[in-house]
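So you know, we letter chains A, B, ... as the sequences are listed, proteins then strands, and number each from 1. These figures come from a predicted structure and were not determined experimentally.
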Amino acid sequence: MSELKITGKQLRALGYPQGLVVRAAIDVVTQHYADATAEEVEMILTKVLADPAAYTADAVWVAVATALLPEEGPEKIALRDTPVDYAVFGAGFIEEGAIKQLNNAVRLPVAVAGALMPDAHQGYGLPIGGVLAAENAVIPYGVGVDIGCRMCLSILDLPVDTLVTKDAQYQKALKYQTKFGAGAEWKRNDTDAVLERDEFKEIQILRNLQQKAAGQLGTSGSGNHFVEWGIVSITDINNEWNLVPGDYVALLSHSGSRGLGAQVAGHYTRLAKELCVLPKEAQHLAYLDLSTEAGQEYWLAMNLAGDYASACHHLIHKRLIAEMGATLLARVENHHNFAWKEVHHGKELIVHRKGATPAGKGVLGIIPGSMTAPGFIVRGKGESTSLHSASHGAGRQMSRTKAIASITNDEMRKMLQDNGVTLIGGGLDEAPGAYKDIHTVMAAQSDLVEVVGQFQPKMVRMADGGPAED
DNA sequence: ATGTAC
């Protein structure tokens, strides 16, 4: 990307106040003044600051001008006194903070319905494990930072005993056909139709991101993302693929839209906060009206990031499956950080699932456990009180910092050994003990999903917490 | 979650 034309310090030297306007101005300059000289940039910034009212109808400068005119800017939007009632699954073990966050969310004027999943924990804006249906509005932080973060499972024709007899080959595939770490990019030239999409040309924020997206195609990132080999046990004789119930080698991946989605999320969250001023306790739930240009843009960019996340998984699976010389028997895939247009209560609504698995009737999904606990292939029951949703995993019971402070390396090693799991990379913050018991979580959502099969991890690859690996 | 952009 082009170098930064303007810094916060320079903006303050020009007389810009502190706050959201600084970031908005940096965004505009980066996106629209890439070829301008420093003098030209300084001149336009000075003009906008001197007379922001003259720029509130300017497509490029509207966010900056609006932020400079607090009195003329959008009025503070009040939360409703009467919240929408919502269902909580697993109420006995969900932390207070998550419930408080959803209590705020269902008081938004655009809120129509909500639900809290049994893996819920406190997040930013909407809790992780939170579901919120809104009318004609989308909340960038209701989707989350990692837009389109998803699970993808491939069931293969390889004999299960090869996980032992060809252990080295499986491990080698994980090491050389995946790429982990913040900012990690491949030096190879894989491509995908998603990189040719018109949105990369038509939406300003995306223009500078196409190249980054191309480099990061087929990478996994960091945090709780993983790629793992394991054994799928199909238990449902009426499974969708006519697979004989029993054990199969399978590949499971968890990752999202990388830098592309992160930049989109950051940009539209800032824009939403400027256009939709809410009381402090709900400020991160700022929403974009889907009838506006900003709302439409976010919707398109979010969908592009979702398709990109899917393409990343497909490339990872294609490479690993080819390396093992396997044939694909079945695949399950689902987003769990996203917003969908769905009809509930006879009305088209925007359903935000931030760490929640779509579970409409007959809809398949994957709910992972931990690196040692099983994950589940599930089929939605279409329960209306959960807004056709289920948990997206076991959910954390310890923050990253708490896990690092209270779990020892020896404990984690023993846990992996006892469960016959090989870990490549990874850290204490992702230790199995940092997560809730998946069986408790599954029991709390038996009305939401039925189990088609389960997945037991055997070889797990994660980021090791350090810089990007080669 | 993200190459950490005041």
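Nucleotide B/dG3 holds its P atom 14 Å from the CZ atom of A/F180, rounded to whole Å. Between the P atom of B/dT2 and the CG atom of A/L209 lies a distance of 14 Å, rounded to the nearest Å. If you take CD of A/Q18 and P of B/dC6, they are 12 Å apart, rounded to a whole angstrom. When the C1' atom of B/dT2 is taken as reference, atom OH of A/Y141 falls 10 Å away, rounded to whole Å. Rounding to whole angstrom units, CG of residue A/L260 and C1' of B/dG3 are separated by 15 Å. Between A/W186 atom CH2 and B/dG3 atom C1' there is a gap of 18 Å when expressed in whole angstrom units. The interatomic distance linking A/Q263 (CD) with B/dT4 (P) rounds to 8 Å, in whole Å. Residue A/Q211 contributes atom CD, which lies 14 Å from atom P of B/dG3 at whole-angstrom precision.
Listed pair A/R23 / B/dA5 fails the phosphate criterion, with no side-chain N or O lying under 4.0 Å from OP1 or OP2. The shortest distance between the side-chain N/O atoms of A/Q216 and the OP1/OP2 oxygens of B/dG3 is below 4.0 Å. Remark: A/K212 is not in phosphate contact with B/dT2, judged by side-chain N or O atoms under 4.0 Å from OP1 or OP2. Residue A/S222 places at least one side-chain N or O closer than 4.0 Å to OP1 or OP2 of B/dT2.
Within the 4.0 angstrom heavy-atom criterion, only backbone atoms of the sugar-phosphate kind lie near A/R258; the bases stay farther away. Counting any heavy atom pair closer than 4.0 Å across all strands shown, A/G221 reaches sugar-phosphate atoms only and no base atom.
Residue A/K100 places its NZ atom among 12 or fewer non-hydrogen atoms of other residues, nucleotides or ligands, all under 6.0 Å distant.
For A/Q204 and A/Q31, the side-chain atoms include no donor-acceptor pair closer than 3.5 Å.
Ion pair A/E430/A/R396 flagged as a salt bridge, since at least one NZ, NE, NH1 or NH2 atom sits closer than 4.0 Å to an Asp/Glu carboxylate oxygen.
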Could you list the donor-acceptor pairs under 3.5 angstrom formed by side chains in residues 127-140 of chain A, with sequence neighbours left out?
from	atom 1	to	atom 2	distance (Å)
A/E135	OE2	A/K347	NZ	3.3
A/N136	ND2	A/D289	OD1	3.3
A/N136	ND2	A/S291	OG	2.8

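Picking from B/dC6, B/dG3, B/dT2 the nucleotide with the shortest atom distance to the side chain of A/A262 gives B/dT2.
Applying the salt bridge (charged side-chain N to carboxylate O under 4.0 Å, His left out) test to pairs two or more places apart or on separate chains, those with a residue in residues 10-28 of chain A are A/R23-A/D27, A/D27-A/R270.
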